[in-house]
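If you're wondering where the values come from, they're calculated on a predicted model, not measured in any experiment. Order of the sequence lines fixes the chain letters, A, B, ..., with proteins taken first and strands second; residue numbering starts at 1 for each chain.
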Amino acid sequence: MQIAFIVPELPEVEHARRTLSRWLEGARIDAVTVQDARILDHGVTPARVVRALEGRRVTAVERRGKWLRLALDSGRVFSHLGMTGKWVRTEVGAEETRFEKIRVDATARDKTRRSVRYLDPRLFGRFVVVKEGEADLKAWNELGPDPLVDGIDVSALHAKLAKRRLAIKPTLLDQGVLAGVGNILATEALFYARIDPRRPSRDLSRVEVGKLSRGIRRAIDRTLAKETGETIQYVEEPGAPNPFTIYGHEGEPCPSCSRPLAKMFLGGRGTVLCVHCQR
DNA sequence: AACGGAACCTGAAAGC
DNA sequence: TGCTTTCAGGTTCCGT
């Protein structure tokens with residue numbers, strides 16, 4: 001089957017970070033347009049966002065979990081891609097891209113100009129400007145360790161999971177446990193670790209948490225390796241073949257034992273698993 | 001406190 | 001063919 005939606009999780013957001021970094025780091029923001037105020041937090045006006053950004057220089061593009069943070073010479077911008085958010089680059093003055101919600105025109109250090117645009121048909125993303133001196137977003141501050149930025153401390157993760165009776169799959173979706181793990185990553189990692197997603201988190205042994213940790217890293221690296229090129233082309237772009245190992249492959253043979261992969265719902269989220277290989 | 005479930009949102013796919 | 005329904009899921013909020 002094909003994957004119908006862009007679903008940005010840690011690897012996709014990391015790819016977006018690297019690309020945005022090339023496009024905007026060191027650049028001066030000339031003009032900002034907010035086409036749809038619904039992408040902003042309730043009560044925040046486009047005018048306020050425009051005022052906060054125009055004339056600023058982007059000093060760094062950072063990521064924790066699924067959040068992007070653009071550090072400015074004064075203030076910061078937080079961007080969450082939700083389920084269908086994406087940053088693209090066009091020529092300055094190019095006509096409005098489909099689903100465009102925000103436009104940032106900037107001049108790089110080498111004086112070349114570029115237009116960077118945020119697209120988000122579903123509007124599940126967020127775009128938040130924080131002024132100099134104000135605290136970071138609560139959602140950012142409450143993130144758990146990031147598997148790439150911080151690495152995974154197996155003992156610490158084991159201790160954290162020991163307090164949870166919820167099944168391991170929905171627990172992994174809690175951004176306070178590990179930042180950036182989404183439904184696809186959790187599904188893939190549990191398969192690599194051969195752990196049944198329905199197992200209570202607190203029942204996982206230290207050895208199993210180690211396997212899970214390596215499974216998460218493997219799933220991240222595998223997707224990141226496919227994210228190449230100058231444009232942000234997510235591996236699960238609509239119409240592209242399914243790049244994942246078991247996600248979206250329900251009913252098809254398990255890559256390990258060849259028996260059909262099952263699909264069930266855990267914590268309201270679709271979960272694919274091999275009931276024979278994952279224990 | 002922990003947990004389940006609904007709401008948010010809309011394009012694409014599937015069903016009819 | 002074209003209309004209707006279903007599905008996808010990150011996060012937040014609300015009720016139990």
What is the separation between atom CZ on A:Phe124 and atom P on B:dG11, rounded to the nearest whole Å? 12 Å
A:Arg98 side chain, from C-beta outward: closest of B:dT10, C:dT11, B:dG11: B:dG11
Among B:dC3, C:dA8, C:dT11, which is the nearest nucleotide to the side chain of A:Leu166? B:dC3
State whether A:Gln175 places a side-chain N or O below 4.0 Å from either non-bridging phosphate oxygen (OP1 or OP2) of C:dT11. yes
Ignoring hydrogens and geometry, is there a side-chain-to-backbone donor-acceptor pair from A:Asn183 to A:Gly270 under 3.5 Å? yes
Rounded to whole Å, how long is the line connecting atom CG of A:Leu40 with atom P of B:dC9? 14 Å
A:Lys101 NZ to B:dT10 P, in whole Å, measures 7 Å
Checking side chain to side chain contact (heavy atoms under 4.5 Å, CB included) against A:Leu172, which of A:Leu185, A:Thr187, A:Val181 comes through? A:Val181
Separation of C:dG10 atom P from A:Asn183 atom CG, nearest Å, is 5 Å
Atom CD of A:Glu12 to atom P of C:dA8: distance rounded to whole Å? 18 Å
Could you check whether A:Thr19 and A:Arg17, counting side-chain N and O atoms only, form a donor-acceptor pair closer than 3.5 Å? no
Separation of A:Phe265 atom CZ from C:dC7 atom C1', in whole Å? 8 Å
What nucleotide among B:dC8, C:dA8, C:dT11 has an atom nearest to a side-chain atom of A:Lys263? C:dA8
Return the value, rounded to whole Å, for the distance between atom CG of A:Leu173 and atom P of B:dA2. 17 Å
Would you find a donor on one side and an acceptor on the other, under 3.5 Å apart, between the side chain of A:Glu188 and the backbone of A:Thr245? yes
Could you check whether A:Arg38 gets within reach of a base, just the sugar-phosphate, or nothing at all, counting any heavy atom under 4.0 Å? sugar-phosphate
Using the side chain to side chain contact (heavy atoms under 4.5 Å, CB included) definition, which of the options A:Val116, A:Ile29, A:Leu20 pairs with A:Val58? A:Ile29
Find the distance A:Leu266:CG to B:dG4:P and express it as a whole number of Å. 10 Å
B:dA2 phosphate, OP1 or OP2: any side-chain N/O from A:Lys163 under 4.0 angstrom? no
Side chain of A:Trp67 - closest among B:dC9, B:dG4, C:dT11: C:dT11
Candidate nucleotides B:dC9, B:dA7, C:dA8, ranked by approach to the side chain of A:Arg269 - the nearest: B:dA7
Would you indicate which nucleotide in C:dA8, B:dG11, C:dT12 comes nearest to any side-chain atom of A:Ala139? C:dT12
